Amino acid sequence: MLGVPFPDENNPVMGDPFMPAITAIIEMDAKRAPQDKLACVSKCSQHIFEALSTSNNEPANADDFLTSLVYVVLKANPPRLHSNMQYMIRFGLPHSLMAGESGYYFTNLSCAVAFIEKLDGSALNLSPEEFEGYMRGQRAPAALTKRHQVANDTQKLLEELQGRQQKLHQGVDALTIELQKWVQVVHSQLDEATSQFDKVQKEITAQVEASQVMSSLAQDGSQEKVKEQQPVLLPNDNCQAPKQTAC
């Protein structure tokens with residue numbers, strides 16, 4: 001609503017670019033001397049200009065600086081802000097508060113504080129009802145509402161992805177169990193087939209050995225029959241010995 005220029009979505013700047021300025025204005029309360037407190041105001045303003053230079057391609061103007069300073073003061077909520085400003089006015093050097101770069105920064109801080117003190121709905125182009133709703137936290141800016149919506153959608157998407165991941169893990173576990181069971185069944189079937197193969201092989205070996213024994217017995221029997229069937233040659237009575245001749 002203040003019209004503070006923030007980096008667009010394509011800018012690589014992460015987080016709040018005004019955080020260094022917020023830190024610097026908070027450190028003002030820890031300083032003792034008025035010039036040190038004023039130095040914190042100058043440091044805060046310089047960080048604001050640096051943040052604006054990263055947000056816009058064009059140089060920052062006075063309006064952007066003042067609205068950004070209002071935003072920084074609201075975000076920082078510096079402790080004892082009024083007391084610190086009165087301390088610098090009473091005990092600081094007049095030329096430092098009324099002239100120069102530090103004087104310009106202190107004057108803008110005074111304007112920002114006065115704007116916040118007199119802030120109402122008309123300053124933000126809001127009706128009194130809308131302004132009260134925002135101040136009581138009953139309403140939220142459209143950008144903030146959009147951020148909440150995006151955050152809720154992202155949360156829902158993450159929950160959905162987690163649910164899918166859990167289902168995927170459960171499916172993988174069930175598939176692993178089924179695969180283990182299938183492997184066990186295959187191993188049992190292989191063992192059974194191996195045992196049956198061994199039995200069949202033993203039976204075949206026994207049959208081969210039996211056939212060999214039978215064939216050897218058959219060969220022995222045939223040889224004996226052949227021997228029995230061979231004729232026996234007897235001496236002939238007509239055969240006479242050779243006659244002896246006288247020398």
Side-chain angles (χ1 to χ4, degrees), residues 1-29 31 34-35 37-89 92-137 139-147:
M1 295 179 183
L2 295 173
V4 179
F6 277 90
D8 55 1
E9 296 179 355
N10 297 325
N11 197 309
V13 176
M14 300 298 292
D16 194 340
F18 296 98
M19 188 56 64
I22 294 171
T23 304
I25 196 66
I26 292 175
E27 291 177 352
M28 179 179 61
D29 186 62
K31 303 300 180 180
Q35 59 270 19
K37 294 181 182 293
L38 186 60
C40 290
V41 177
S42 300
K43 185 178 179 181
C44 170
S45 302
Q46 291 171 1
H47 284 308
I48 291 175
F49 277 109
E50 292 176 358
L52 292 175
S53 64
T54 59
S55 302
N56 299 324
N57 296 325
E58 300 178 356
N61 52 38
D63 293 335
D64 292 339
F65 170 69
L66 183 57
T67 56
S68 300
L69 184 58
V70 172
Y71 169 78
V72 168
V73 173
L74 288 172
K75 290 288 289 185
N77 192 17
R80 293 181 290 275
L81 178 60
H82 289 87
S83 299
N84 285 300
M85 293 180 65
Q86 291 296 324
Y87 180 78
M88 286 185 283
I89 292 173
L93 298 175
H95 66 275
S96 298
L97 297 175
M98 301 302 295
E101 185 178 12
S102 59
Y104 173 75
Y105 294 148
F106 185 80
T107 302
N108 278 274
L109 178 61
S110 301
C111 294
V113 173
F115 175 80
I116 294 172
E117 290 177 346
K118 298 178 181 180
L119 184 62
D120 55 6
S122 60
L124 301 175
N125 296 324
L126 297 174
S127 64
E129 293 78 10
E130 291 176 340
F131 181 77
E132 288 297 328
Y134 283 119
M135 295 300 293
R136 295 178 182 274
R139 299 173 60 92
L144 186 59
T145 304
K146 185 177 180 180
R147 291 178 185 175

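Note that the structure is predicted; figures quoted are calculated from it, not measured.
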Sequence neighbours excluded, every pair satisfying side chain to side chain donor-acceptor pair (under 3.5 Å) that has a member inside residues 102-113: E101-Y105
Interatomic spacing from CE in M88 to OG in S83 - rounded to 0.5 Å: 10.5 Å
Side chain to side chain, I48 and Y71, heavy atoms closer than 4.5 Å: no
Results of side chain to side chain donor-acceptor pair (under 3.5 Å) for D120 - residues two or more places apart only: S122
Worked verdict on H82 versus V113 for side-chain contact (heavy atoms from CB on, under 4.5 Å): CA-CA 9 Å; H82 289 87; V113 173; 3.8 Å; yes
Atom pair CG (L38) and NZ (K31), whose distance is rounded to the nearest 0.5 Å: 13.0 Å
Point-to-point distance, once rounded to the nearest 0.5 Å, from NZ of K37 to CD1 of I25: 10.5 Å
Atom pair CD (E132) and CG (L126), whose distance is rounded to the nearest 0.5 Å: 11.0 Å
Rounded distance (nearest 0.5 Å) linking atom CD1 of I89 with atom CG of N84: 11.0 Å
Distance, nearest 0.5 Å, that separates OG1 of T67 from CG of L52: 7.5 Å
Minimal non-hydrogen separation, A24 against C40, with atom names: O-CB, 3.6 Å
Over all atoms of both residues, closest heavy-atom pair of L66 and C111: CD1-CB, 4.2 Å
